[in-house]
Protein chains: 2
Amino acid sequence: MMDTTPRKEQIFQTAGAMFSRQGYHATTMRDIARELNMQGGSLYAHIDSKEDVLWEIVERAAAQFLESVRPLAGLPLPASARLRRMLAAHVDVVTRNLDNATVFFHEWRFLGPARRAHIAAQRDEYEALFRRVIQDGVAAGEFPGADARMGALLVLSAGNWLYQWFRPDGALSAAAVAAQMADVIIAGLRCVE
Amino acid sequence: MMDTTPRKEQIFQTAGAMFSRQGYHATTMRDIARELNMQGGSLYAHIDSKEDVLWEIVERAAAQFLESVRPLAGLPLPASARLRRMLAAHVDVVTRNLDNATVFFHEWRFLGPARRAHIAAQRDEYEALFRRVIQDGVAAGEFPGADARMGALLVLSAGNWLYQWFRPDGALSAAAVAAQMADVIIAGLRCVE
DNA sequence: CCTACCGATCGGTAGG
DNA sequence: CCTACCGATCGGTAGG
């Protein structure tokens, strides 16, 4: 079978896998080229710089998180139901793009200042979505004793740290992980005093 | 004031700070040397290799986690009280050694295979401490509906992700963070069905 | 702890 | 997309 994926996309895919395993700085352009049966310099017919490749991976991951979760935050559902769906969407993005999620969490700080600031802003917006839903739950009496800030941090800590231990071939499916996490966290937000 | 810290310790401290900010591979031995007003080659009068420096930082961090938490796991207290103390100890280690904790979480995979395996074993032992305490709570009826594996992952996700957002000069003290986290998580383990 | 240096390799480019 | 190359810099060492 021929791989009909455009070369540029192959470079992003291969780079994502290698950056996630070895890290951005420990992966050389020649490593990526070798994986694609090319010479190092030939990569530059498709991309302009190593940092551009990192940027593409990180920016796409950030966009995926926001695009998956944002539509759920405003659904006409109780806060606990919205939070459950948002966490499931987050877990879905992480587990279906483990390599790129790992690069996103680990390597975004190696972007230049402007790009780093852009990612930081998206991350802040993303956090705020979770905080707001929990705050809704506090206001509605679903989570009477909860602190929205700590609640959001807890949800995102669980959802993010996932990239460290989740294995696609493991016993737990992404949906099962998300459901179990949501069960405990939502119970905590309901019962905490 | 003269700094009376032995040169070797100064190297570990400086390397910890720089590895945490720039990453292991993006930090050069000459970067570390410059910070200490030395020439690059002079570092090798005190250490044998760059990887040895990383190893010292990572191994010390792993030991600190285990030595702080292990004595608490077997205390004659209810599981929830033990878990609370263990999380507080964990948060204490992270927040009092933010640089080294960051290096521990981010850079341990760049160690050689033998050293990496050693750290992986310590991490597994550490996780088991938390799992066992939660299992005790399940058996004792404190956490009747909880899953020990997911509970431990939740505690450690929150405790580990901390290195990403905790700021020593922020509004929340380490003790306050640990207490709030424990409140929500323990409530969740108690109330989940 | 410094000077001076080693071989290796890096990201990126010119020219085809 | 390859060949051939650029200047820069890497981790580490010899000799003092």
Side-chain angles (χ1 to χ4, degrees), chain A residues 2-59 103 106-116, chain B residues 2-59 103 106-116:
Chain A
M2 281 285 296
D3 186 348
T4 59
T5 312
R7 260 303 194 217
K8 201 167 177 174
E9 289 304 317
Q10 291 182 20
I11 293 172
F12 295 145
Q13 275 180 30
T14 303
M18 303 194 79
F19 289 172
S20 98
R21 267 153 228 164
Q22 312 175 26
Y24 175 67
H25 280 108
T27 303
T28 71
M29 296 307 280
R30 285 160 179 83
D31 290 336
I32 297 169
R34 195 180 313 116
E35 199 79 12
L36 295 168
N37 292 104
M38 298 167 68
Q39 296 303 314
S42 304
L43 290 171
Y44 291 87
H46 306 281
I47 55 106
D48 286 333
S49 73
K50 188 183 183 186
E51 200 207 291
D52 281 2
V53 176
L54 176 61
W55 168 247
E56 197 71 26
I57 295 169
V58 169
E59 157 62 16
V103 175
H106 257 87
E107 317 290 347
W108 73 285
R109 60 201 173 126
F110 298 124
L111 293 168
R115 289 170 160 179
R116 213 167 49 229
Chain B
M2 282 286 296
D3 186 347
T4 59
T5 312
R7 261 301 196 217
K8 200 167 180 176
E9 290 304 316
Q10 291 182 21
I11 294 172
F12 295 144
Q13 275 180 29
T14 303
M18 303 194 81
F19 289 172
S20 97
R21 265 154 229 165
Q22 313 177 24
Y24 175 67
H25 280 108
T27 304
T28 71
M29 297 306 280
R30 285 163 178 80
D31 289 336
I32 297 169
R34 193 180 315 114
E35 199 79 11
L36 295 168
N37 291 103
M38 298 167 70
Q39 297 303 314
S42 304
L43 290 171
Y44 291 87
H46 304 282
I47 54 106
D48 286 333
S49 73
K50 190 184 183 187
E51 201 208 290
D52 281 2
V53 176
L54 176 60
W55 167 247
E56 197 70 25
I57 294 169
V58 169
E59 156 63 15
V103 176
H106 258 86
E107 317 290 347
W108 72 285
R109 61 202 173 124
F110 298 124
L111 293 167
R115 288 170 161 177
R116 212 166 50 229

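All values derive from a computational prediction rather than experimental measurement. The sequence lines fix the lettering, A, B, ..., with proteins before strands; numbering per chain opens at 1.
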Which atom pairs, one a donor and one an acceptor, fall under 3.5 Å between side chains of residues 17-26 of chain B and the rest of the protein, sequence neighbours left out?
{"residue": "B/Ser20", "atom": "OG", "partner": "B/Ala17", "partner atom": "O", "Å": "3.2"}
{"residue": "B/Ser20", "atom": "OG", "partner": "B/Asp99", "partner atom": "OD1", "Å": "3.0"}
{"residue": "B/Tyr24", "atom": "OH", "partner": "B/Glu51", "partner atom": "N", "Å": "3.2"}

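Checked against salt bridge (Lys or Arg N to Asp or Glu O under 4.0 Å), A/Arg7 has no partners two or more places apart in sequence or in another chain. By the side-chain hydrogen bond (donor to acceptor under 3.5 Å, both in side chains) test, B/Thr28 is found to be paired with B/Asp31, residues two or more places apart in sequence or in another chain being considered. Residues passing the salt bridge (Lys or Arg N to Asp or Glu O under 4.0 Å) test with B/Glu9 are B/Arg60, sequence neighbours excluded. Annotation: side-chain hydrogen bond (donor to acceptor under 3.5 Å, both in side chains) contacts of B/His106 (sequence neighbours excluded): B/Tyr163. In this structure B/Trp108 satisfies the ring pair (Phe, Tyr, Trp, His ring centres under 6.0 Å) test with no other residue, sequence neighbours excluded.
Sorted by first and then second residue, the salt bridge (charged side-chain N to carboxylate O under 4.0 Å, His left out) pairs involving residues 38-49 of chain B (not counting sequence neighbours) form an empty list.
Distance, A/His46 NE2 to D/dC1 C1': 7 Å, rounded to whole Å.
The backbone N or O of A/Gly40 sits nowhere less than 3.5 Å from a side-chain atom of A/Arg30 that would complete a donor-acceptor pair.
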Nucleic acid footprint by protein, nucleotides 3-16 of chain C - heavy-atom cut-off 4.0 Å, B for base, S for sugar-phosphate alone: B-B----SBBB---
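Paired runs in DNA chain D that reach 3 or more consecutive Watson-Crick or G-U pairs, where each pair keeps both distances under 3.5 Å, cover C:1-16 with D:1-16.
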